[in-house]
Amino acid sequence: MLDAALLRNDLDTVVQGLAKRGVTFDQEAYQGLDAARRRVIQEAEALKAERNRVSDEVARLKRAKEDASHLIAAQAEVGRNLKALETAEKEAEAAFKAFMATLPNLPHESVPVGKDEHANVEVKRWGTPKAIEKPLDHVDLGTKLGILDLDRAAKLSGARFSILKGAGAKLERSLVSFMADLHAQAGWTEVLPPYLVLPECMYGTGQLPKFEQDLFKTHRGEDPLYLIPTAEVPVTNMYRDEILPAEQLPIRHFAFTPCFRSEAGSYGRDTKGIIRQHQFHKVELVAFATPEQAADELENLTLQAERILEALELPYRRMLLCSGDMGFSSRKTFDLEVWLPSQDTYREISSCSWFGDFQARRANIRAKAAGGKPQPLHTLNGSGLAVGRTWVAILENYQQPDGSVKVPKALQPYMGCDVIR
RNA sequence: GGAGAGAUGGCAGAGUGGUCGAAUGCGCCUGACUCGAAAUCAGGUGUGGGAGUGAUCUCACCGGGGGUUCGAAUCCCUCUCUCUCCGCCA
């Protein structure tokens, strides 16, 4: 949620910021909703003030044992009027809020302006892809090794699910443990949250109301419950409706969770293999910072994700996303892309974002310095890393001519072997 | 699944229809005392919205929603959550 005060005081900044995303701001609709809202609030308040005055007068008279029946009779009418006004007030507030909730975050000034991923900027490249002759992709490698079974997975759950077996299953678990250990050693605090959350949580981080079609939805009794698309949702919402002492910031959490995505609208993309699944594992980094700390914290968080790739000796590059390619809630995003020999290109394996106070405003997460006023804090998060895609990257980058796969040194203690064959 | 008890400010905890945004204690801030500190004393100390250049005025908030009433923290309905006991269960 954008700051309502910013819209009121500096609408140009908002209009220009949204334009960078290719979003046209409907000024007429905004001004109409805002004016209607304020008008009805003032009307209702004036009437309530009047009612309160008369009620106080009734109380005074009754205490003095005097007759107040004429006031009481006159007030009955006011009560009826007020009921209608309060309904109008709620509707006006809801309409205004609904409008605000559809506006994406404004890009940070350092974000390049562009329409789509072609305008993203490479800011860093690490490692050199090994020369592999006629590289196999992870599906061929995994299937031949007997550690990946997509056909039977389809039998269980349809497309975009997978079964890992033997060393494949162990590789997934090893990666999770390895990543978690590395983050814990760096001082991040592990969290193991629920995988089903209330709609409020999805609203807080920005998935709702706009992106319901991307979510898996279930229910408990009559009440809706959503499967998390990322640990960002439960971990960020841990502090919803709270005021944290500013001295505690930055707060750094990481969480290993499954992620569930309907992938609506991506039917043609990445249909082969396990790059794009309805269910996958992710170790997620989530940080809460003061506005002053936030820019450095984005760098810190991104570096933490990069450490995993470097420890696994996987070549990657860091991309600064342009305004048109960023997620709805993001103010600035770095994507980490890992080298995939079979595709002869880099593919996204992590996305590290700084949300400014956009999520904190929606989720009502604030920080208060001693003697200061509560202010929305800044939230950040990033994958550290997407486990399934790391699994893919290891198979493809560490493949050997005989179809076996070497185990990265850092992972050998977890795997208990140095090669998968 | 059954029975019962609860939810009040940063915390603890009063308040069962009007002078209650809410006693009291703790915590925190300011001042006095002191060379300084502790102790003591005095004062202050919630959040959000609306109007106004401003001092300020005003509205809402006692778990959520609805109702009764001139007036609700207080009465009624409903939901959620927490705790205790019984049953079931990974």
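Chain letters run A, B, ... following the sequence lines, proteins first, then strands; residues in each count from 1.
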Practice task
Provide the distance between the two C1' atoms, one in B:rU74 and one in B:rG67, to the nearest whole Å.
Solution key: 15 Å

Exercise for the section: Give the nucleotide from the list B:rG66, B:rU47, B:rU80 with an atom nearest to the side chain of A:K373. Expected result: B:rU47

Practice task
Determine the interatomic distance between P on B:rA23 and the same-named atom on B:rG44; round to the nearest Å.
Solution key: 12 Å

Problem - Name of the residue among A:E232, A:Q359, A:E297, A:R362 meeting side chain to side chain donor-acceptor pair (under 3.5 Å) with A:T379 - result: A:Q359

Handout entry: Proximal nucleotide (of B:rA51, B:rC81, B:rA60) relative to the A:Q42 side chain
Key = B:rA51

Fill in the blank from the handout: With the side chain defined as heavy atoms from C-beta on, A:R63 is closest, among B:rG50, B:rU19, B:rG71, to B:rU19

Practice task
Using the P atom on both, measure B:rG48 against B:rC86 and round to a whole Å.
Solution key: 45 Å

Handout entry: Euclidean distance for P, B:rC11 against B:rC62 (whole angstrom)
Key = 16 Å

Completion exercise
note: A:K62, atom NZ; B:rC70, atom P; distance rounded to Å ~ 10 Å

Handout entry: B:rG13 to B:rA38 separation - P atoms, rounded to the nearest Å
Key = 29 Å

Problem - B:rA60 OP1/OP2 closer than 4.0 Å to side-chain N/O of A:N52 - result: yes

Fill in the blank from the handout: Pairs under 3.5 Å (Watson-Crick or G-U), crossing ones as [ ], inter-strand ones as |: RNA chain B comes out as ((((((((.[[[..)..(.....]]]((((((.......))))))((((((....)))))).[[[[[..)....]]]]])))))))....

Exercise for the section: Could you give the distance separating B:rG54 and B:rG17 at their P atoms, to the nearest angstrom? Expected result: 42 Å

